[in-house]
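Inspection log for the structure reproduced underneath, given as structure tokens.
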2 protein chains.
Amino acid sequence: MPTIASKPSGAKRGRPGHDQDSVLSIAVQVFNKHGYDATSMGTLADNLGISKSAIYHHVPSKGDLLDKALDEALIPLEALGEDPRATMGTAAERLEFVLRSTIRVLVERQPYVTLLLRLRGNTEIERRALERRRAVDRRLADLVVGAQQEGSLRADIDPRTTTRLMFGTINSLVEWYRPDGPSTPQQVEDNAIAMMLDGLRA
Amino acid sequence: MPTIASKPSGAKRGRPGHDQDSVLSIAVQVFNKHGYDATSMGTLADNLGISKSAIYHHVPSKGDLLDKALDEALIPLEALGEDPRATMGTAAERLEFVLRSTIRVLVERQPYVTLLLRLRGNTEIERRALERRRAVDRRLADLVVGAQQEGSLRADIDPRTTTRLMFGTINSLVEWYRPDGPSTPQQVEDNAIAMMLDGLRA
DNA sequence: GTCTATATGTTGATAGAC
DNA sequence: GTCTATCAACATATAGAC
């Protein structure tokens, strides 16, 4: 099995020479490749190029690694609610702003958000993260309802379904968007918004 | 932890009295709740109301259980390609037919398709299933390209992105649609198609 | 069709040397 | 910052009785 090659950010001399950030960033890649539960500290060690026990010099536990990774996704998502543009103007304007900035966070922090979106809530750490995610989701759901009541969004689809469809479309970005692919983040953002609001029909 | 209560289809007398189908159907629910890798034969046994070893009376291995479950999703998906309506008429007509019938399969066989869509390709069984899934996906991707060349779909979004956005929207249904919820399958199908083709804007 | 007991490997994590 | 050696817990799966 090929491992994830990547020089640690602060590489010095000897061999790997990892620090906490390089461990975290590689760990998240490996978690996403095989799934968090299917990734053992052994395979993670192989991908880091160090031994299992050396990981514990940088991080106290596998769960803590997950916890730190999820923060990398949740903190920027939670910050979107603080932006004044999310609370001013018509519901339609606020909604489009939040949709676009959510997409931008998903794309910029893709590996971390991927991990978040695949959680099943098996441990206390996962359940805490899922609760924070639900809080973020609720804000967006309220904006959709607002835009629909305001008359900016079609009313022949019920608000819950509208919200779910938008979430589904946006969240699926993490499953296929690659920063090194042919599309720029701006193009993906525009294309997703274009389909959701105006449709694909010519 | 609450277990998944469900009487086996052919319940007779004593206690559980499972057959292969009831084991499979409950197993898939548990797999989806905790993730396949995170589900041990022990937790599965608890949910079935029998002991670990009793499972092996019905099924030769955990991997075989997964294999049978994935067939339940893949066979109907593969069958869509055989339908004459998928190969006749304009590309736009064929595309809408395949989109709608794909949605219907996702909704009807939701637990099995959910399992399929979450695979990471960790074992040979998973990789074989993913290859079959990719073959199904390629057919739909070709239809999108056809419809775009034909002029039925807008040309300002590149075909790969168009395809991905549609897959993302459709596939996300398994994450939130519940047959016992407020929406009928027909409504979900119509709403998803409405957003993708005509957009949510009023 | 189910059970108890058990074989055999893998897991996350620790101890202590270099 | 890394290693080897080790551990208890838990994994999948089997043997054989009822």
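Quick note on labels: first sequence line is chain A, next is B, and so on, each numbered from 1.
- Contact between the side-chain N/O atoms of A:His18 and the OP1/OP2 oxygens of D:dT2 is not found at any separation under 4.0 Å.
- As rounded to whole Å, 12 Å separates atom P of D:dA11 from atom CG of A:Asn122.
- B:Glu131 has no carboxylate O lying under 4.0 Å from a charged side-chain N of B:Arg128, or vice versa, which leaves the two without a salt bridge.
- When the shell of 6.0 Å around CZ of B:Arg132 is examined, it contains more than 12 heavy atoms from other residues, nucleotides or ligands.
- To the nearest angstrom, C1' of C:dT2 lies 15 Å from CG of B:Asp19.
- When the shell of 6.0 Å around CZ of B:Arg154 is examined, it contains more than 12 heavy atoms from other residues, nucleotides or ligands.
- Contact check, A:Ser51 against D:dT2: no side-chain N or O comes under 4.0 Å of OP1 or OP2.
- In terms of heavy-atom proximity, A:Met196 sits nearest to A:Ile170 at CE-CG1, 3.9 Å.
- Rounded to an integer number of Å, the gap from CG of A:Asp46 to P of D:dC3 is 11 Å.
- The CG atom of A:Leu44 sits 15 Å away from the C1' atom of D:dT2 (whole-angstrom rounding).
- Salt bridge annotation for B:Asp64-B:Lys68: present, with a cationic side-chain nitrogen under 4.0 angstrom from a carboxylate oxygen.
- For the pair A:His57 and D:dT2, the criterion of a side-chain N or O lying under 4.0 Å from OP1 or OP2 is not met.
- Computed from coordinates, the B:Ile50 CD1 to C:dT2 C1' distance equals 8 Å when rounded to whole Å.
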Reading nucleotides 7-18 of chain C from the 5' end, what letters show protein touch, with B for base, S for backbone sugar-phosphate only, - for no heavy atom under 4.0 Å?
----SBBBB---
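- Look at A:Arg118 and A:Glu175 and you find a salt bridge, because one of the NZ, NE, NH1 or NH2 atoms lies within 4.0 Å of a carboxylate O, short of that distance.
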